[in-house]
Amino acid sequence: MILGPRILLSPLVRQFRNKLFHWRNDRALTQLSAWYVPVSEAAHDAWMDQMSKRQDMYLFVVVERSANQPIGYCFLADISTVHHHARLGIAIGEADFRNKGYGSETMRGLLTFGFEDLNLERIFLDVASHNLPAIRVYEKCGFVTEGVLRRHYYVGGQYRDMRMMSMLRQEYAALAAVGP
């Protein structure tokens, strides 16, 4: 587990199955980062089994510590042991916990894990250009925009741009030296 002042990042376990199923079927949440496709319980269970077997991914459930309540999920995926990079993703699934610093705290925990424990050189992500709250969190945590994939995906009846962002180990080290 990865601990923060208000959150812990717990490995994916069956007790969080129903919350994850709900978040994966939340149209508004899903459309912040991808297209919406309803997920059946059987497909969700198969997905959970597949994720637990991947060797290039760490998937965590974000748990609010004081209430011991799952509020979202995050991951480092496509981890390259050759190139020392990984793709990051995060979703605060519970609306009541958004815009309250939980995303930033989760990001700091993932970045520490990635750079200090996994010895990564680069952590990257993609974010829908219309997801301004997420972009603000990423920039606040030190990510820089590398480029934009124009009209990259179709969601909610519109073609949307995708912003590519990353952080390098030296940028993380400089931020870590300053503190939160």
_Can you list everything that forms a side chain to side chain donor-acceptor pair (under 3.5 Å) with S104? Sequence neighbours excluded, please._
none

_Applying salt bridge (charged side-chain N to carboxylate O under 4.0 Å, His left out), can you list everything that pairs with E64, at least two apart in sequence or on another chain?_
none

_Y73 to L59 - nearest heavy-atom pair and separation_ = CD1-CD1, 4.3 Å

_Are W47 and V39 packed together at the side-chain level, in the sense that at least one heavy-atom pair is separated by less than 4.5 angstrom?_
no

*Just wondering, do V62 and F97 contact through their side chains at under 4.5 Å, heavy atoms?*
no

*What pair of heavy atoms forms the shortest contact from N99 to P133, and how long is it?*
OD1-CB, 4.1 Å

*If you round to the nearest 0.5 Å, how far is CG of L132 from NE2 of H130?*
8.5 Å

*Using the test salt bridge (charged side-chain N to carboxylate O under 4.0 Å, His left out), find all partners of D45 that sit at least two apart in sequence or belong to another chain.*
R14, R17

_Counting C-beta onward and ignoring hydrogens, is there a side-chain heavy-atom pair between L20 and L12 closer than 4.5 Å?_
yes

*Could you tell me whether the side chain of D126 and the main chain of M164 form a donor-acceptor pair under 3.5 Å?*
no

*CG/D161 to NE2/H152 distance, rounded to the nearest 0.5 angstrom?*
10.0 Å

*Which residues share a side chain to side chain donor-acceptor pair (under 3.5 Å) with Y172, sequence neighbours left out*: T112, E116

*asked:* Show the nearest heavy-atom pair for residues A134 and V127, with the distance to one decimal.
replied: CB-CG2, 4.0 Å

*Is it true that F115 and L168 fall in one hydrophobic cluster, defined by side-chain heavy atoms closer than 4.5 Å?*
no

_For R6, all residues meeting salt bridge (charged side-chain N to carboxylate O under 4.0 Å, His left out), sequence neighbours excluded_ = E105

Without placing hydrogens or testing angles, list every side-chain donor-acceptor pair under 3.5 Å for residues 84-95, not counting sequence neighbours.
residue, atom, partner, partner atom, Å
H84, ND1, N119, O, 3.3
H84, NE2, T81, O, 3.3
R87, NE, D78, OD2, 2.8
R87, NH2, D78, OD2, 3.0
E94, OE2, K19, NZ, 3.0
E94, OE2, W23, NE1, 2.9

*Under the side-chain contact (heavy atoms from CB on, under 4.5 Å) rule, collect the residues that match up with L118, sequence neighbours excluded.*
Y58, L76, I79, F113, L120

*Sequence neighbours left out, what passes side chain to side chain donor-acceptor pair (under 3.5 Å) with S129? Give chain and number order.*
none

*asked:* Once side chain to side chain donor-acceptor pair (under 3.5 Å) is applied, do any residues pair with D56, and if so which ones, sequence neighbours excluded?
replied: R54

*From E41 CD over to N25 CG, what is the distance, rounded to the nearest 0.5 angstrom?*
9.0 Å

*Work out which heavy atom in G103 is nearest to a heavy atom in V137; give both atom names and the distance.*
C-CG1, 4.1 Å

_Which residues share a salt bridge (charged side-chain N to carboxylate O under 4.0 Å, His left out) with R98, sequence neighbours left out_ = none

_Taking side-chain contact (heavy atoms from CB on, under 4.5 Å) as the definition, give me every residue that meets it alongside L8, ordered by chain and number, with sequence neighbours left out._
M1, L3, S10, V63, R65

*Rounded to the nearest 0.5 Å, what separation is found between the CE atom of M167 and the CZ atom of F143?*
5.0 Å

*If you look at every heavy atom in C141 and L111, which pair is closest and at what distance?*
O-CD1, 4.2 Å

_For a quick test of reading the model, state the closest non-hydrogen atom pair linking F75 to L110 and the distance between them._
O-CD1, 3.9 Å

*Among residues two or more places apart or on two chains, list those pairs meeting side-chain hydrogen bond (donor to acceptor under 3.5 Å, both in side chains) that have a residue in residues 139-150.*
R122-E146, E139-R163, T145-R163, E146-S166

_Rounded to the nearest 0.5 Å, what separates atom CZ in F16 from atom CE in M48?_
9.5 Å

*Could you tell me the separation between the CZ atom of F124 and the CE atom of M165, rounded to the nearest 0.5 Å?*
14.0 Å

